[in-house]
Enquirer: 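My questions all concern the structure below.
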Amino acid sequence: ARARLQLGGRDDDALAMLSEFEAANPVGEPMPKIDAVKFEKGRLLTKLGRKAEAITTLEEALALEPDDLKLKKALEAARAAGE
């Protein structure tokens, strides 16, 4: 999903992949932690203008990793989006 985001133009595909991965919640290496999945999903939702969903998703991620500065910044950006 991250590669699709970086290539651009495949936001809907990337969002579907992130949502599917989030629902499956696989654990262990080499799987990313669920907070990282929620971070990417929240950033994408912000980009797509889906502010409320982005905020909720990023708040969930921050609850898992409360000291993560990138999550805090992404949440601030989501809250400020569209203002």
Side-chain angles (χ1 to χ4, degrees):
R2 177 181 269 173
R4 288 197 176 159
L5 287 172
Q6 291 172 345
L7 292 174
R10 307 281 306 264
D11 294 342
D12 291 331
D13 290 341
L15 182 58
M17 290 177 71
L18 287 166
S19 296
E20 185 177 320
F21 192 88
E22 180 182 23
N25 195 16
V27 295
E29 294 297 328
M31 299 298 174
K33 293 179 7 182
I34 198 67
D35 61 288
V37 173
K38 288 181 179 288
F39 168 73
E40 294 295 340
K41 183 178 177 184
R43 286 183 17 175
L44 179 55
L45 288 165
T46 300
K47 178 181 175 186
L48 294 172
R50 295 167 60 176
K51 183 176 179 174
E53 291 174 88
I55 291 170
T56 298
T57 301
L58 291 165
E59 286 175 340
E60 291 170 357
L62 197 57
L64 296 169
E65 291 291 333
D67 296 326
D68 191 317
L69 293 178
K70 73 178 181 187
L71 284 172
K72 290 178 182 181
K73 288 180 181 181
L75 181 55
E76 288 174 18
R79 287 180 173 150
E83 290 183 358

Enquirer: What heavy-atom pair brings T57 and G42 nearest, and what distance separates the two atoms?
Expert: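 Heavy atoms of T57 and G42 come nearest at CG2-N, 3.8 Å.
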Enquirer: Are any of the side-chain nitrogens in E60 or K41 under 4.0 Å away from the carboxylate oxygens of its partner?
Expert: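 Here E60 does not pair with K41 in a salt bridge, since their nearest N and O are not under 4.0 Å apart.
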Enquirer: Which value, rounded to the nearest 0.5 Å, describes the distance between L44 atom CG and M17 atom CE?
Expert: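 If we round to the nearest 0.5 Å, L44:CG and M17:CE are 12.0 Å apart.
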Enquirer: Indicate the atoms forming the closest heavy-atom contact of L58 with R43, along with that distance.
Expert: CD2-N, 4.4 Å
Enquirer: Are any of the side-chain heavy atoms of L15 and R50 separated by less than 4.5 Å?
Expert: yes
Enquirer: Nearest 0.5 Å please: distance from the NZ atom of K51 over to the CG atom of L45.
Expert: 13.5 Å
Enquirer: Do the non-hydrogen side-chain atoms of E59 and R79 ever get within less than 4.5 Å of each other?
Expert: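 Result yes, sub-4.5 Å side-chain heavy-atom pair found.
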Enquirer: Surrounding NZ of K73 (heavy atoms of other residues, nucleotides or ligands, distance under 6.0 Å), is the total greater than 12?
Expert: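 12 or below, so no.
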Enquirer: How long is the span from the CG atom in D35 to the CD atom in E65, to the nearest 0.5 Å?
Expert: 4.5 Å
Enquirer: If every non-hydrogen atom of P66 is compared with every non-hydrogen atom of A63, which pair is closest and at what distance?
Expert: CD-O, 3.9 Å
Enquirer: Tell me the closest heavy-atom pair linking L71 and L62, and the distance in Å.
Expert: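 Taking L71 first and L62 second, the nearest heavy atoms are CB-CD1, 3.7 Å.
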Enquirer: How long is the gap from CG on L75 to OG1 on T56, to the nearest 0.5 Å?
Expert: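 The CG atom of L75 sits 9.5 Å away from the OG1 atom of T56.
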Enquirer: State, to 0.1 Å, how close A77 and T46 come at their nearest heavy-atom pair, and which atoms those are.
Expert: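 The pair with the smallest heavy-atom distance is O-CG2, 4.4 Å.
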Enquirer: Could you report the tightest heavy-atom contact between A61 and F39, atom names first, then the distance?
Expert: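 Smallest interatomic distance, heavy atoms only, reads CB-N, 4.3 Å.
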